[in-house]
Amino acid sequence: MRKVIPQWLDTRRHSLAHIMAQAVLEKRPDAKLGFGPATEDGFYYDFLFATPLTSDELPAIEARMRQIVREDEVFQRGDLAVDEAVAQLEAMGQEFKVEYCRELAAAGNATIRLYRSGDFVDMCEGPHVERTSVIPDDSFALDSIAGAYWRGDESRPMLTRIYGLAFETREELEAFKARRELAKQRDHRKLGKELDIFHISDQVGQGLALWLPNGAVLIDELEKLAKEMEFRDGYVPVRTPHISKSRLYLTSGHLPYYKESMYPPMQLEGEDDYYLKPMNCPHHHIIYASRPRSYRDLPLRLTEYGAVYRYEQSGELAGLLRVRGMWMNDAHLYCTPDQVKAEFIKVLELHRFYYSLFRITDFWVRLSLGDPTSKKFAGSMDSWETTEDMARKALIDAGFPFEEVRGEAAFYGPKVDHQMSNVVGREETASTTQLDLVMPERFGLTFIGPDGLEHRPIIIHRAPLGTHERFVAFLLEHLGGVFPTWLSPVQVRVLPVSEGQQAYGQRVVDALRDTLLRATLDASSESLNKRIRAAEVHKIPNMLVVGKREEADGTVTWRRKGHRLQVTLPLDRYVAALQETIARRLMDNFEDVEVPGFAAG
RNA sequence: GCUGGCGUAGCUCAAUCCGGUAGAGCAGCUGACUUGUAAUCAGCAGGUUGUAGGUUCAAGUCCUAUCGCCAGCUCCA
């Protein structure tokens, strides 16, 4: 799903970054330049300013850029020896460029490339457009301004980043902006409010979501789904507390490897400190270790929709997408070495099932590897190589296209992540599967093999539905808040045509609720039109209109959300049809799905 | 956590630029209407303008601090 951007467009965008830097330097000659690359929909350039730049200044910079483009400046390339380049960049006062230049030299580059356009000279690899006039002067626009650390390192200075948008033509630029505006309508924070899904109150705490009744139905249905799937695949449920003594996390290594992300401890006189659990795994490992295990017991698949708490930095929180308290579709599979691969593939298949059930196609799969040069990862090189190789092979065998990314692993092992983007384009991990040789070691987990000796199990950590919070966020945005009947908080809204049919309407609701269908009656004295509109606005999948005719015949007139076509049928036939839709978890919110009982005519 | 922007009724917004003491629609409530497929009409109620200081005769509007939200960075399910 990652976008492929044609080289020429990338070149054009990068050239625009130079043109922007040129325009900025004219206004702020003392600005220090950072990096200025092309992005997925434009470009940015980082600057260090003596006095802060405000977004009010962007229009003037943009206007100057257009002028430069029209002046048809030529990009001239020049390769200099390292010393010369350093001397020149120092003379220009470009300390960040000097730093990077020296680094390139240290990495073995004999020459440094510079580009000149107009009076502006910048150290840069290129390539650029030959002359600025090839860029339509209305195909780009400055977008926003934000802080960004130099070299992405929070211990280094924070620069000011100016983002620009750039496309082939003005029409494409306008289309992009329009699409972005439209996407905001599907923002889960907006839909979550409109549909009464969740509420976040700073009286409770940042990042601590409250599930409203409608949201609670959603997560109940997701849990039901997960429990069914896991039951079939031989998982066994467990339940564990939300807190634990620090000892557990010293054993697991969460202290110190994960301490940054944990809430501070609860301290009690004369007792060990207690921590809120940031992950369920240690509790599950203790369950595994609670009695001797035989190879005949394996794989042991412990599952729990467990609550975990992570102290995310305040600036990272975002609606339900990034929270501090979350319920995770967690499970740990304890396997013998020769079971791992088959189990891992089975877990990947489960992902495939879920993603196709929800019709989610806009994701990409990342194989997240450790980084031997980083202190963020526990365990030996050998075990990392083993698990990384296992994960890679399983992905290939299961037929998953994936990309490998170094340094993204969990601290105890490599991960296979399903990456999704929200409406604003922010990417997050929706699902994760991990391989772990480190925890069995740390917890001294063993099983007795056929040879009568103790062996180490291998652990698969998996959360295909991620956390309720993040998964519902993605689902809301992906479906635009329009849920299939099986997931919908309210499945059926009954609308009496006039007050005379309210009693019949109530009987219909009672009959539906008797069969566990989530039905409500709209008994307000508003016009039928208004009540239909209200049901549509609340995205209720099914409406039953009951008037004199229906009451006389014992029928209901069924109108599905977004459809003008409607059918009248006996109540019991309606119930049967709806139950089939729900039992099969049909995605009846999609046009191409044939809905039982709703044939035309 | 950092950089920048923004906080006005349950929601969406107006009054902020150029200080003169807060207004609308929707939702809610009441009444009338008894409705046949996307907003019936009328009325009522609702805000010490996030919070705390300050400047001023006067602050929603200006200043400071603080809390929260948004975008990005860093970080992650």
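Below, all heavy atoms of this structure are taken into account, side chains as well, without hydrogens, waters or symmetry copies. In what follows, chains are A, B, ... by sequence order, proteins preceding strands, each numbered from 1.
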May I ask you to evaluate whether S314(A) reaches the phosphate of G1(B), defined as a side-chain N or O under 4.0 Å from OP1 or OP2? yes
Under a 3.5 Å limit on both distances, the Watson-Crick or wobble mate of U48(B) is none
Could you tell me how far U12(B) sits from C70(B) if I compare only their P atoms? Round to whole Å. 12 Å
Is it true that atom CZ of F402(A) has more than 12 heavy atoms of other residues, nucleotides or ligands lying nearer than 6.0 Å? yes
Rounded distance in Å between the C1' positions of A22(B) and G60(B): 8 Å
Scanning all shown strands, the Watson-Crick or wobble mate of U21(B) with both distances under 3.5 Å is none
Is N529(A) close enough to U37(B) that one of its side-chain N or O atoms is under 4.0 Å from OP1 or OP2 there? no
With respect to the side chain of K530(A), which nucleotide from C76(B), A39(B), G36(B) is positioned closest? A39(B)
Show your working on side chain to side chain donor-acceptor pair (under 3.5 Å) between N329(A) and T467(A) and close with a plain yes or no. CA-CA 6 Å; N329(A) 175 220; T467(A) 62; over 6 Å; no
For a quick test of reading the model: is some side-chain N or O of R151(A) closer than 4.0 Å to OP1 or OP2 of C73(B)? no
Consider the side chain of R470(A), meaning its heavy atoms from C-beta on, and name the nucleotide among G72(B), A39(B), A77(B) that approaches it most closely. A77(B)
Please confirm whether any donor atom in the side chain of E550(A) sits under 3.5 Å from an acceptor in the base of G36(B), or the reverse. yes
Please state whether the phosphate of A71(B), meaning OP1 or OP2, lies under 4.0 angstrom from any side-chain nitrogen or oxygen of R189(A). yes
Write down the distance separating the C1' atoms in U74(B) and C11(B), rounded off to the nearest Å. 34 Å
Other residues, nucleotides, ligands: >12 heavy atoms within 6.0 Å of E260(A) CD: no
When you measure only distances, ignoring hydrogens and angles, does the side chain of E154(A) come within 3.5 Å of the base of U74(B) through a donor and an acceptor? no
Compare side-chain N and O positions of S527(A) against OP1 and OP2 of U35(B) and report whether any pair is under 4.0 Å apart. no
Is NZ or CZ of R324(A) both nearer than 6.0 Å to the six-membered ring centre of Y311(A) and within 45° of the ring axis? yes
Counting only side-chain nitrogens and oxygens, does R531(A) get under 4.0 Å of the OP1 or OP2 atom of A38(B)? no
If you only use heavy atoms from C-beta on, which nucleotide in A77(B), A71(B), C76(B) is closest to the side chain of K415(A)? A77(B)
Verify whether the ring centers belonging to F35(A) and W150(A) lie closer than 6.0 Å. yes
Pairing partner of U3(B) (Watson-Crick or G-U wobble, both distances under 3.5 Å): A71(B)
From the options A77(B), G36(B), G68(B), select the nucleotide whose nearest atom is closest to the side chain of Q434(A). A77(B)
Hey, is the side chain of Y149(A) pairing donor to acceptor with the base of G72(B) inside 3.5 Å? no
So, does the side chain of E316(A) form a donor-acceptor pair with the base of U74(B) at under 3.5 Å? yes
Spell out yes or no: do the side chain of T467(A) and the base of A77(B) have one donor N/O and one acceptor N/O closer than 3.5 Å? yes
If only side-chain N and O atoms of Q206(A) are considered, is one of them under 4.0 Å from the OP1 or OP2 phosphate oxygen of G68(B)? yes
